[in-house]
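Encoded as structure tokens, the structure appears first; notes follow it.
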Amino acid sequence: MTTLSVPTGLTTPLGATVLSNGRLAAWCGGALPKLWLLNSDGVVIRESSLPEPLEAAPILLSGGTLLPLRGKLRLIDAPEFKGTVEDLMPPVDPQQPARWKGVLSLDDKQAIAVSDQGRVVRAQVRAEPVPHVAEVSSLELKVPVANPPVLIGNRLFLATGKQLRSLDVGTLESRGEVPLPEVVTQGPWVVKNLLLMVCGRDQLIALNSDPLALAWKQQLPPGGLAGAPQLRADQLLLGSQSGEISLRQLTDGAVIRQMIAGQSLTLGPQFIQEQCFVGTIDGSVLLLNPWLEAMP
């Protein structure tokens, strides 16, 4: 078991993400923000103090770690640079300071960052004239972005109110948009070639990514999902906050089987190797393998 040296008195939740190299990044905010990097065995290989809390999950870039900090993008621990890499600091409106909603890597040197005010920035790590994170291009959508963006190939997908938009990551030009019945409250998530999201409190919407169009929609229990949908043998596994767990067809979202956990879910479903589990509101972990492996 790995124990992180979390600062005493921390009241904000920890964040965690799986990096592109398979390692785990975990972080905390508060008065003493920190970042931990863990290897695939769960062992902490680096602990760093942060100048301020992260606004979104970090990513790997140029061999280092790109940090979405307030009003800036900062690259740390990049082995090809001996000194400090200058931050990318987009224009800031002091009356309405923006927050980063998500940062996604395009390749080893480039990333896309999106703010909650709808600013999309394509950034690149450059060595000349001094090491720095440069803005290659940017776009002002002029609409708020409430949820983290996602990538499929060279397309960026963003939920903006009652729409899902697609942008070309190279040019930042529009590649289409789809009207939605209600505001996106969860997602989008990428499952194969589909974009899944919850609209309002109880509508599960699936869009085809290319061309961008509605694939299907289904009703959920009120309250939405307790975590991202998981793919199991070409079927969707969902855990609703209400406590309903369902296995659904990927093609149309129809329910194949479902069960009731007996209490609200706060986590899941999650896979660790061959084991699948959800977390309940009382802190318990419910193993789903017996139910998943039973005959219908």
Side-chain angles (χ1 to χ4, degrees), residues 16-20 22 56-57 59 101-106 112 114 145-160 163-167 169 175-221 223-242 244-259 265 267-279 288-289 291-292:
T17 188
V18 178
L19 300 171
S20 58
I59 61 169
K101 294 306 297 184
V103 183
L104 300 164
S105 61
L106 301 179
I112 286 277
V114 179
V145 176
N147 303 319
V150 294
L151 273 175
I152 300 180
N154 64 347
R155 295 288 186 267
L156 179 72
F157 297 92
L158 310 103
T160 56
Q163 288 182 325
L164 190 90
R165 300 178 182 227
S166 173
L167 301 177
V169 296
R175 288 294 178 263
E177 56 188 51
V178 172
L180 299 168
E182 293 187 64
V183 171
V184 176
T185 51
Q186 293 179 290
W189 299 288
V190 177
V191 180
K192 286 200 166 182
N193 64 332
L194 291 180
L195 294 152
L196 296 177
M197 65 212 74
V198 177
C199 291
R201 287 177 49 83
D202 56 7
Q203 293 190 68
L204 180 64
I205 304 292
L207 302 178
N208 289 312
S209 59
D210 188 18
L212 188 60
L214 178 68
W216 50 260
K217 60 182 178 180
Q218 293 286 351
Q219 202 76 10
L220 290 171
L225 299 177
Q230 299 291 335
L231 186 65
R232 181 182 183 272
D234 286 331
Q235 296 172 339
L236 282 175
L237 181 60
L238 307 180
S240 298
Q241 294 181 25
S242 66
E244 179 186 283
I245 301 162
S246 61
L247 197 62
R248 294 172 178 254
Q249 297 284 5
L250 185 62
T251 52
D252 59 7
V255 175
I256 302 169
R257 300 167 60 199
Q258 66 182 31
M259 65 171 286
L265 301 184
L267 175 69
Q270 301 288 322
F271 283 95
I272 297 182
Q273 296 181 351
E274 299 301 319
Q275 304 299 309
C276 181
F277 63 90
V278 293
L288 298 184
N289 289 64
W291 175 71
L292 290 171

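The shown structure was predicted, so the numbers you read here are calculated from the model rather than taken from an experiment. Note that these values count all heavy atoms, side chains included, but never hydrogens, waters or copies made by symmetry.
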For residues 207-216, tabulate all N or O donor-acceptor pairs below 3.5 Å that involve a side-chain atom, not counting sequence neighbours.
unit_1 : atom_1 : unit_2 : atom_2 : d
Ser209 : OG     : Asn193 : O      : 3.0
Trp216 : NE1    : Leu250 : O      : 3.1
Trp216 : NE1    : Thr251 : O      : 3.4

With sequence neighbours excluded, what pairs up with [X] under the side-chain contact (heavy atoms from CB on, under 4.5 Å) test?
X	answer
Leu19	Thr17, Asn21, Ala25, Leu37, Leu60
Val190	Val150, Ile152, Leu195
Leu151	Leu104, Leu106, Leu156, Val169

For [Y], is there any backbone N or O sitting under 3.5 Å from a side-chain donor or acceptor partner on [X]?
X	Y	value
Gln275	Asn289	no
Lys101	Ala146	yes
Thr185	Arg201	no
Asn147	Ala159	no

So, do [X] and [Y] sit near enough that their side-chain heavy atoms are less than 4.5 Å apart?
X	Y	value
Leu180	Met197	yes
Arg248	Val255	yes
Pro149	Ile112	no

Let me confirm one number: the [atom1]-[atom2] distance from [X] to [Y], rounded to the nearest 0.5 Å.
X	Y	atom1	atom2	answer
Cys199	Leu204	SG	CG	9.0 Å
Arg175	Arg165	CZ	CZ	14.5 Å
Leu247	Arg257	CG	CZ	6.5 Å
Gln258	Glu244	CD	CD	4.0 Å

- Mind checking what makes salt bridge (charged side-chain N to carboxylate O under 4.0 Å, His left out) contact with Arg155, not counting sequence neighbours? Asp168

- Shortest non-hydrogen separation from Asp252 to Gln218 and the atoms involved: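 Answer, listing the atom of Asp252 first, then Gln218: O-NE2, 3.0 Å.
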
- Item | Taking every non-hydrogen atom, the tightest pair across Ala206 and Leu196 |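 For Ala206 versus Leu196, the nearest heavy atoms are CB-CD2, 3.3 Å.
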
Under 3.5 Å donor-acceptor pairs involving side-chain atoms of residues 223-240, not counting sequence neighbours:
unit_1 : atom_1 : unit_2 : atom_2 : d
Gln230 : NE2    : Pro269 : O      : 3.3
Asp234 : OD1    : Lys192 : NZ     : 2.4

